[in-house]
Amino acid sequence: MNKLFAAFVLLFSTFSFATDTPYQLINQVGDKMFTDIKQVNADGKADSSTMKSIVRSRLMPHVDVKFVSFKLLGKHIKGLKRAQAVEFIDAVDSYLISTYASALLQYKGQEVIFEELPLSKGSDYATVKVLIKEQSGPDIDMHFKFRQGKDGSWKVYDMVAEGISLLSAKQKEITGRISQVGLATVTNELKSKT
């Protein structure tokens, strides 16, 4: 898996933005984010700290970290104390900022095409296709899965690449790790990766 592909997986796997359609969401957030990254790259200031700042200001206001955190907890959400939940959510937030920033340092201006797929009338679920045009290899094809919240906003809940649901894969990894070593250890592991 190339690093740009990983960047897109991470970037679009969890954010939300108040828009009319999932297609508009992906276009708005993607355009703003990559405009900032291109500017930083052009100025020669693309370092981890600068990228974390872009991620924190442009992306994280649109990430439903609580939703992602609870999905990652899976069966371990039962009996969770409020303090444990808050600490885990904070660890996931820090982990996401660091991970997104690191992955986005790999973006070098490749063309990104967002393709709107038809919405099923009355459905709370939708898919948007994203194609990353690679000059030195095959194009990267991904599908982002959305769900519409009660407030009408669309939120990405999964990304499918090569037939693999990334949310399911990450959830299995995290829940398995919690079963092995406990929630406190996994929370600390996430914090240590920032």
Side-chain angles (χ1 to χ4, degrees), residues 1-39 54-55 57-74 77 89 92-93 96-97 99-101 103-104 106-175:
M1 179 183 321
N2 79 28
K3 291 182 180 184
L4 180 61
F5 174 74
F8 274 89
V9 168
L10 294 170
L11 176 64
F12 292 107
S13 61
T14 56
F15 60 82
S16 67
F17 195 79
T19 58
D20 294 327
T21 69
Y23 176 73
Q24 291 170 329
L25 179 150
I26 243 177
N27 268 292
Q28 289 175 3
V29 174
D31 286 348
K32 290 177 183 177
M33 193 75 172
F34 291 109
T35 297
D36 285 353
I37 293 168
K38 284 179 189 177
Q39 182 62 49
I54 291 171
V55 168
S57 66
R58 285 287 189 195
L59 179 62
M60 293 313 288
H62 311 294
V63 174
D64 190 347
V65 178
K66 183 177 178 180
F67 176 79
V68 172
S69 298
F70 288 165
K71 288 300 254 181
L72 291 175
L73 285 168
I77 202 165
I89 292 167
V92 170
D93 183 70
L96 289 175
I97 289 171
T99 303
Y100 292 158
L104 289 170
Q106 306 303 315
Y107 178 70
K108 302 300 181 209
Q110 293 89 332
E111 181 183 6
V112 180
I113 300 169
F114 304 110
E115 183 181 324
E116 187 170 19
L117 300 178
L119 285 171
S120 298
K121 197 167 194 160
S123 178
D124 293 335
Y125 295 89
T127 301
V128 174
K129 180 179 177 179
V130 177
L131 186 66
I132 303 168
K133 303 292 273 180
E134 288 287 346
Q135 292 183 11
S136 61
D139 294 340
I140 300 167
D141 183 23
M142 297 175 284
H143 290 84
F144 293 94
K145 302 290 185 175
F146 290 79
R147 66 177 181 85
Q148 190 172 33
K150 292 178 184 176
D151 64 355
S153 67
W154 288 96
K155 299 176 184 178
V156 174
Y157 70 91
D158 196 10
M159 203 282 294
V160 178
E162 299 176 18
I164 299 170
S165 162
L166 295 178
L167 177 62
S168 294
K170 194 67 175 170
Q171 183 184 28
K172 286 176 187 173
E173 176 188 328
I174 295 284
T175 57

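All residue numbers in this chain count up from 1 along the given sequence. These numbers were taken from a predicted model, which means no experiment stands behind them.
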Student: Do L117 and Y23 come within less than 4.5 Å of each other through their side chains, counting heavy atoms only?
Tutor: no

Student: Given I54, which of Q39, K32, M33 fulfils the side-chain contact (heavy atoms from CB on, under 4.5 Å) condition?
Tutor: M33

Student: Looking only at non-hydrogen atoms, find the nearest pair between D36 and R58 and report the distance.
Tutor: OD2-NE, 2.6 Å

Student: Specify the closest pair of heavy atoms between I174 and L72, including all atoms of both residues, with the distance to one decimal.
Tutor: CG2-O, 3.5 Å

Student: How many angstroms lie between CD in Q148 and OH in Y125, if you round to the nearest 0.5 Å?
Tutor: 11.0 Å

Student: Going from CD on Q24 to CD on E116, what distance comes out if it is rounded to the nearest 0.5 angstrom?
Tutor: 7.5 Å

Student: Rounded to the nearest 0.5 Å, what's the gap from CG on L119 to CZ on F146? Could you check?
Tutor: 10.0 Å

Student: Is there a side-chain contact between E115 and L131, using heavy atoms and a 4.5 Å cut-off?
Tutor: no

Student: Write down the atom of T175, the atom of K172, and the distance for their closest heavy-atom approach.
Tutor: OG1-O, 3.4 Å

Student: Output all residues satisfying salt bridge (Lys or Arg N to Asp or Glu O under 4.0 Å) with D93, sequence neighbours left out; order by chain, then residue number.
Tutor: none

